[in-house]
2 protein chains.
Amino acid sequence: MSTPGSGAPRRATISDVAREAGTGKTSISRYLNGELSVLSPQLRARIEAAIERLDYQPNQMARGLKRGRNRLIGMLVADLTNPYSVEVLQGVEAACHALGYMPLICHAANEVDMERRFLQLLTTYRVEGVIVNALGVSEETLRPVGDGGIPAVLVDRSVDGLVTDMVGLDNEGATTLATRHLVERGFEHVWFVVQPFEHISSRRQREAAFHRALEQYPQVSGRTVVLELGDADELAQTLSGLDAELDAAIAAHEQREGAGRAPHVALFAANGPVALALARHLNQRHGPDWQKRVALLSIDDPEWAELAGITTIRQPTYDIGYRAVEFLHQRIDGEQASARDCLLPGVLIERASTMR
Amino acid sequence: MSTPGSGAPRRATISDVAREAGTGKTSISRYLNGELSVLSPQLRARIEAAIERLDYQPNQMARGLKRGRNRLIGMLVADLTNPYSVEVLQGVEAACHALGYMPLICHAANEVDMERRFLQLLTTYRVEGVIVNALGVSEETLRPVGDGGIPAVLVDRSVDGLVTDMVGLDNEGATTLATRHLVERGFEHVWFVVQPFEHISSRRQREAAFHRALEQYPQVSGRTVVLELGDADELAQTLSGLDAELDAAIAAHEQREGAGRAPHVALFAANGPVALALARHLNQRHGPDWQKRVALLSIDDPEWAELAGITTIRQPTYDIGYRAVEFLHQRIDGEQASARDCLLPGVLIERASTMR
DNA sequence: TTGTATGCGTTATCAT
DNA sequence: ATGATAACGCATACAA
């Protein structure tokens, strides 16, 4: 019976290879770094053989220490539970692959201490840059990063007081697109549902854009509902209240107009997690036919959205991640331009929820 | 206007701190490693001040190089798109935090080359161990790992020819539990739907356990349906075929028994992604009332399951991740026991789908 | 074309 | 109690 243990019998080093090949470490190093033109064919062959025999693999840590850069970049994700984050990650990974970086993925799991801890950790590992999907509670946490610290690119949201590149959704455009869609489909009431703003810029922007967009349509009434997803009790309570108001609105409407065939109020979820919370609640309360009472539209297009048939604004998540790495790469390369914002457009996916 | 650049003005090193504090590097090192008892109070104070002034943070790479261990472990995830993986990850992260490791998360995105590449990368970064949720195409890919290589723990599935610890769901128990549930609820036909087995042990085990469990209930007929999720065309085709057979089964049943109030055939999805594919298809084909035609049960309990009202077997994902790190930690510490399997039980969550 | 020597930032060994 | 000094594994300036 075999016993897997820490049986790692010390990996071969460059010196070992040099000895095995009967040469100096320099030649090995040259071989590793592709300076082939400067090596005689026979030496090169001996080196190759030695590497093969010893199963040698250069130690990246040592390399990084020596050359002063380790090709590591940190990717700090606020919440991997959110499909949005995973999609962005895919773009990040692809770009890292293309540009020769290795991404260190850190997951803050919505905990501020985790965010701080990982940021700290990443700097002690001397990553060359970080991509941060920040909790954004305060710029204090992010001090080691950005201006004067290690290069950073923010994703999805900016942080007050932090001067860095940032790439994310064009919130203004996306929100306007969605709002106009709802108005055109004839909804008379639109309720914008969003998590507590805290310092998360994208939430603020979307909410502001929503009301700005509605100003053009005085016949439609809009309001904001804040939903705290973290606290189950508070969530349930808020949702109950919301439901009651919905009842009232529907009753009033039917009294005036008679029972309509389609809902006249729409819920506009600021992001996927909010939409899921709403859908779960409505489904539980009113059964699978809840969409006959109220329509649901969401920014973010998680996989279940198609199943549920809700209309969404899909974000260019992959591109967001990819661009973020490109920006970071430029900074690492010494680019000195002032902080840039890269806003990418969302696309509307219309589903049964808002079809009349 | 501020310009975030690679303005990182070279971080302070231990020598800088020594000079600033007017002492030798050794004392700084001692301070950093908590050998406080051996430092005079005044020297200690000077060191603290110097560190503060220079904002010094020890370079983990250099430390790792010197001591021969860097507290890094790799976590190779097959598919982050699968909520199962993210949940396992949470457990891994928690355990790493508790045990003082930093997890390097790598995402193979279901690509075998990625898996190989990341494994290679992890070894060159000299991680002390790896947790692998393998694609498992062949043990060849995983050669650098496990027996003789760096310590490894497999998650969810084992790989033929690879001798390592492994932790995952008790597939036998979970599948039996689910099967018995369906039988007790009176279903007469149960179709087990699973992705192509390839080398993924958990899929095989679940399928085998399903048929084994059904042997005890001769009145119920069971069969296996293989669903290739990767190829959209093939998927659509298979699903159409499945749907036609479903029609036939329902028609035959109604002819014998008259139109029933509840479905008499149940689909048993081997995991969450399969369940989602099935639900999407059925929903698209038959509308939100599809559950009146056929019941759906799934191993894995993704968030949308409650929304859709399908019965599931929830895996102890967090524990799986946590235990994996504990195992790895023991191996890293030199534990030599022979390869262990840790099988954790799943729990049945009954929802509308299978209630009569 | 090839090898020697030095140093990256840290810890460990040995003095003092 | 404190401090020189030699490694760790590698890359590079320089010498041969």
Side-chain angles (χ1 to χ4, degrees), chain A residues 8-48 50-51 54-72 121 123-128 150, chain B residues 8-48 50-51 54-72 121 123-128 150:
Chain A
R10 201 184 70 80
R11 299 216 55 117
T13 77
I14 200 174
S15 304
D16 298 330
V17 179
R19 196 177 323 112
E20 178 82 10
T23 178
K25 314 198 293 185
T26 310
S27 296
I28 313 296
S29 180
R30 290 206 175 98
Y31 175 85
L32 294 177
N33 294 299
E35 305 176 35
L36 340 124
S37 59
V38 83
L39 291 175
S40 71
Q42 54 267 39
L43 179 53
R44 179 173 163 180
R46 268 155 52 213
I47 294 180
E48 263 162 1
I51 288 183
L54 273 50
D55 187 28
Y56 169 69
Q57 294 180 264
N59 182 329
Q60 290 294 9
M61 298 300 178
R63 299 185 114 176
L65 183 58
K66 181 62 192 157
R67 12 164 74 134
R69 12 156 257 178
N70 48 24
R71 305 280 82 183
L72 257 28
L121 223 44
T123 69
T124 69
Y125 277 102
R126 296 296 186 272
V127 296
E128 299 185 43
I150 71 181
Chain B
R10 203 184 68 82
R11 299 216 57 116
T13 76
I14 202 174
S15 303
D16 298 330
V17 179
R19 196 177 324 111
E20 178 82 9
T23 176
K25 316 196 292 184
T26 311
S27 296
I28 313 296
S29 179
R30 291 206 175 98
Y31 175 86
L32 294 176
N33 293 298
E35 306 175 34
L36 337 125
S37 58
V38 83
L39 292 175
S40 72
Q42 53 268 39
L43 179 52
R44 178 173 163 179
R46 270 156 49 212
I47 293 180
E48 263 162 0
I51 288 182
L54 273 49
D55 187 29
Y56 168 70
Q57 294 180 266
N59 182 330
Q60 291 292 12
M61 296 302 179
R63 295 186 122 177
L65 182 58
K66 182 59 191 161
R67 355 166 90 132
R69 11 157 258 174
N70 49 23
R71 304 280 83 184
L72 256 29
L121 223 43
T123 69
T124 69
Y125 277 102
R126 296 295 187 271
V127 296
E128 299 185 42
I150 72 181

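Reminder, nothing fancy here: chain letters follow the sequence lines and each chain counts from 1.
Atoms CD (A/Gln42) and P (C/dT1) sit 10 Å apart, rounded to a whole Å. Distance, A/Arg63 CZ to D/dC8 P: 19 Å, rounded to whole Å. One atom, CZ of A/Arg67, and another, C1' of D/dG9, lie 13 Å apart when rounded to the nearest Å. Across the protein-nucleic acid pair, B/Asn70 atom CG and C/dT11 atom P stand 14 Å apart, rounded to whole Å. Regarding B/Tyr31, its OH atom lies at a distance of 17 Å from the P atom of D/dA1, rounded to whole Å. When rounded to the nearest whole Å, the span between CD1 of B/Ile28 and C1' of C/dA12 equals 16 Å.
The base of C/dT4 does not come close enough to the side chain of A/Lys25 for any donor and acceptor atom to sit less than 3.5 Å apart. Under 3.5 Å, the side chain of B/Ser27 and the base of D/dA1 form no donor-acceptor pair of N or O atoms. With hydrogens and angles ignored, no donor-acceptor pair closer than 3.5 Å exists between the side chain of B/Arg11 and the base of C/dG9. Not a single donor-acceptor pair, N or O on each side, falls under 3.5 Å between the base of C/dT10 and the side chain of B/Thr13. The base of C/dT11 is not paired with the side chain of B/Thr26 by any donor and acceptor separated by under 3.5 Å. Taking only distance into account, the side chain of B/Lys66 never meets the base of C/dG9 through a donor-acceptor pair shorter than 3.5 Å.
The side chain of B/Ser29 lies closest to C/dT11, out of D/dT2, D/dA11, C/dT11. In this structure, of D/dA1, C/dT4, C/dA12, it is D/dA1 that holds the atom nearest to the side chain of B/Ser40. The B/Ile14 side chain lies nearest to C/dT11 when the options are C/dT11, C/dT2, D/dG9.
Taking for each of B/Leu39 and B/Arg126 the nucleotide of DNA chain D with the nearest heavy atom, the 5'-most of the two is the partner of B/Leu39. Nearest-nucleotide mapping onto DNA chain C: of A/Gly22 and B/Gln60, the residue sitting toward the 5' end is A/Gly22. With DNA chain C read from its 5' end, the first of the two nearest nucleotides for B/Arg30 and B/Pro58 is the one closest to B/Pro58.
Distance alone, capped at 3.5 Å, is enough to place a donor-acceptor pair between the A/Glu128 side chain and the A/Asn70 backbone. No side-chain donor-acceptor contact under 3.5 Å links B/Asn59 to the backbone of A/Arg126. Without hydrogens or angle criteria, B/Arg46 side chain to B/Ala21 main chain gives a donor-acceptor distance under 3.5 Å.
A salt bridge links B/Arg11 to B/Asp55: at least one charged side-chain nitrogen sits closer than 4.0 Å to a carboxylate oxygen.
At the heavy-atom level, B/Thr124 lies nowhere under 4.0 Å from the strands shown.
For A/Asn59, no side-chain nitrogen or oxygen approaches OP1 or OP2 of D/dC8 to under 4.0 Å.
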